[in-house]
Amino acid sequence: MRRQSYIRREIKQLPLFLILFGAMSVSMVVPAGFGAYIGEHDASQAFFYAGLLGVVTTLMISIAHAGRRPRHGTLGPLLSLFSAFVFLPFFLAVPFIEALPTTRFIHAYFEMVSAMTTTGATMFADPERLGATLHLWRAQVGWMGGLLMWVAAVAILAPLHLGGFEVTAQAEPGRRESKLNNLMAPLGSRERLWRGINTLAPLYCGLTLVLWIVLVFSGEQSFIALCHAMSVMATSGITPLSVTDGVSGGLVGEILMAMFMLFALSRLTFSTDTVTATQGGLRTDPEFRIGLAIIVGVPLLLFIRHWIATLDVVSDTGFLDALLALWGGVFTVLSFVTTTGFVSSSWADAQNWSGLGNPGLILMALALMGGGVATTAGGVKLLRVFALYRNGLREMEQLVHPNSVSGAGVAGRRLQSGGAFIAWIFFMLFALSMTAVTLALAATGSSFEEAIILSIAMLSTTGPLTQVAGEAPVALIELGTWAKMILCGAMVVGRLETLAIIALLTPDLWRA
């Protein structure tokens, strides 16, 4: 018992990046075993040997590190998280390139960055080029990236007031609370990390297992159902099918997936370990309410447009077809506002019903808005949108009554003033990042429309936008090497957010 406690204590003292490296190495046994089971022996061997090499490397570094006590600064865990998104995909791409030797390493690295950041963009528009083992590995890496963000939100981002927590915090982004507040929450980053893993990992795994089982019962093939279950929970949108073909589970499968996508609207749907703008639970949570309003409002507008656009045309569409068109809009809107990116099999019916040939601009706007703070969703985040909305209402009130006092309470006034200010700063930084990525892609030869779609898709971590937002799908594999590297950088910035990158580059915060 003492020996187990000693080993557990020593593991907790290892660098976070090394722990993630070891966990990814051990996880390679899953595609290795799956590849051996279905007869893809080359892919199975690639993952087995890469995993074995990773485990041996982890053990050797752990032994060399034994007895050392880490000296973590304020931003040390954040730097480890950044390193996991940038450098860990180099190792994850090794078995990928060994299992698919006909491609380039930059393509394998792109796939792993895309999966790790839960973006879901792929170089291979034809899914048949990848074997089932590689499809499983992409979905699995995306799933583990989603779990990492669940845990990192409370263990790393929340204490530093980043990732959306800066909207409701009193301290500046990148800084911890005052010493007085720290007395109330003495847990360090490592204690928070392990507590988050112990609390959230079983829930995350359990929800994925439940969704997998119900998707199989809905009629979806077991392997495809597993990939979709992992992709829904991670909001990665990774699928072994073509993105534009829609979901293969039919209406029942889409309803089940939509229910689990709701976890990306607000962290309060699965955890109460963080403080948001409300203390009244999910019923009064602003993120969840705004998300539901968007999910209901946007499809209804598309549905109503059918009569606005065809006033002089007699429609013979049946009632059932109308409901399917409405559902196609609801599912697709929910999927893109949570930055998942799955397209309903009835989305074509919704497009035809609304009279819009390709409402790609709507999908890009939904992805930019994003999901909830501290979830696996990307984008600007609904809490920041809510803060700007409340600030706008308050400003209009003061136009009518300049000397009025807000009755929103202490938390509400914080959200209307300081929260809205930092939300506006983030929005400007996001816009500048999008402009920089667009200009960089244009400089490599991409057209303006293509560059806009790519920049929004990468920064909002909604990779399927590249296939459905434009008039024609963007062929990522045909882009130049520099363009692919720019996209990889944009995915990391979109996942970690610009404020966190700025915090890592600020020397004063390292000395704090």
query: Distance only, no hydrogens: is a donor on one side chain within 3.5 Å (strictly under) of an acceptor on the other, for Thr119 and Arg495?
result: no

**Prompt:** Would you call Lys381 and Glu497 a salt bridge, taking side-chain N to carboxylate O under 4.0 Å as the test?
**Reply:** yes

**Prompt:** Under the 3.5 angstrom rule, does the side chain of Ser236 hit a backbone N or O of Gly142 as a donor-acceptor pair?
**Reply:** no

Quick one: do the Arg104 and Thr481 side chains pair a donor with an acceptor below 3.5 Å?
yes

Output for pair (Met257 CE, Ser335 OG), nearest 0.5 Å, gives 7.0 Å

(request) Answer yes or no: are there more than 12 heavy-atom neighbours, outside Phe17 itself, under 6.0 Å from its atom CZ? (result) yes

Original post:
Do the side chains of Thr208 and Leu211 get nearer than 4.5 Å, heavy atoms only?
Top reply: no

Problem set entry | Polar side-chain atom of Ser114 near backbone of Phe110 as donor-acceptor pair, under 3.5 Å | no

Side chain to side chain contact (heavy atoms under 4.5 Å, CB included) assessment of Ile486 paired with Leu454
CA-CA 10 Å; Ile486 292 169; Leu454 288 174; over 6 Å; no

| said: Less than 4.5 Å apart, side chain to side chain, heavy atoms only: is that true for Leu215 and Leu226? | reply: no

Let me see the working for Thr235 and Val232 under side chain to side chain contact (heavy atoms under 4.5 Å, CB included), right down to the final yes or no. CA-CA 5 Å; Thr235 65; Val232 167; over 6 Å; no

When rounded to the nearest 0.5 Å, the distance separating CG of Leu18 from OG of Ser83 is 12.0 Å

Worksheet item: Should we say atom CZ of Phe124 is surrounded by more than 12 heavy atoms from elsewhere, each under 6.0 Å from it?
Response: yes

Worksheet item: How far apart are the C-alpha atoms of Ser218 and Leu256, what are their side-chain angles, what is the distance that settles it, and do they pass the side chain to side chain contact (heavy atoms under 4.5 Å, CB included) test?
Response: CA-CA 9 Å; Ser218 71; Leu256 294 171; 4.0 Å; yes

Is the distance from the ring center of Phe96 to that of His107 below 6.0 Å?
no

Practice problem: Mind running side chain to side chain contact (heavy atoms under 4.5 Å, CB included) on Thr340 and Phe336 for me, showing each step along the way? | Solution: CA-CA 6 Å; Thr340 304; Phe336 278 88; over 6 Å; no

Under 3.5 Å, is there a donor-acceptor pair between the Ser455 and Thr438 side chains? yes

* Asked: Would Phe47 and Phe34 count as a ring-ring contact (aromatic ring centres under 6.0 Å, His included) if you check the C-alpha gap in whole Å, the side-chain angles of each, and the deciding distance to 0.1 Å?
  -> CA-CA 10 Å; Phe47 281 100; Phe34 179 76; over 10 Å; no

Here the gap from Lys484 atom NZ to Ile477 atom CD1, rounded to the nearest 0.5 Å, amounts to 6.0 Å

How about Trp150 and Thr376: does a side-chain donor come under 3.5 Å of a side-chain acceptor? no

The reported gap from CD1 in Ile19 to CG in Leu193 (rounded to nearest 0.5 angstrom) is 6.5 Å

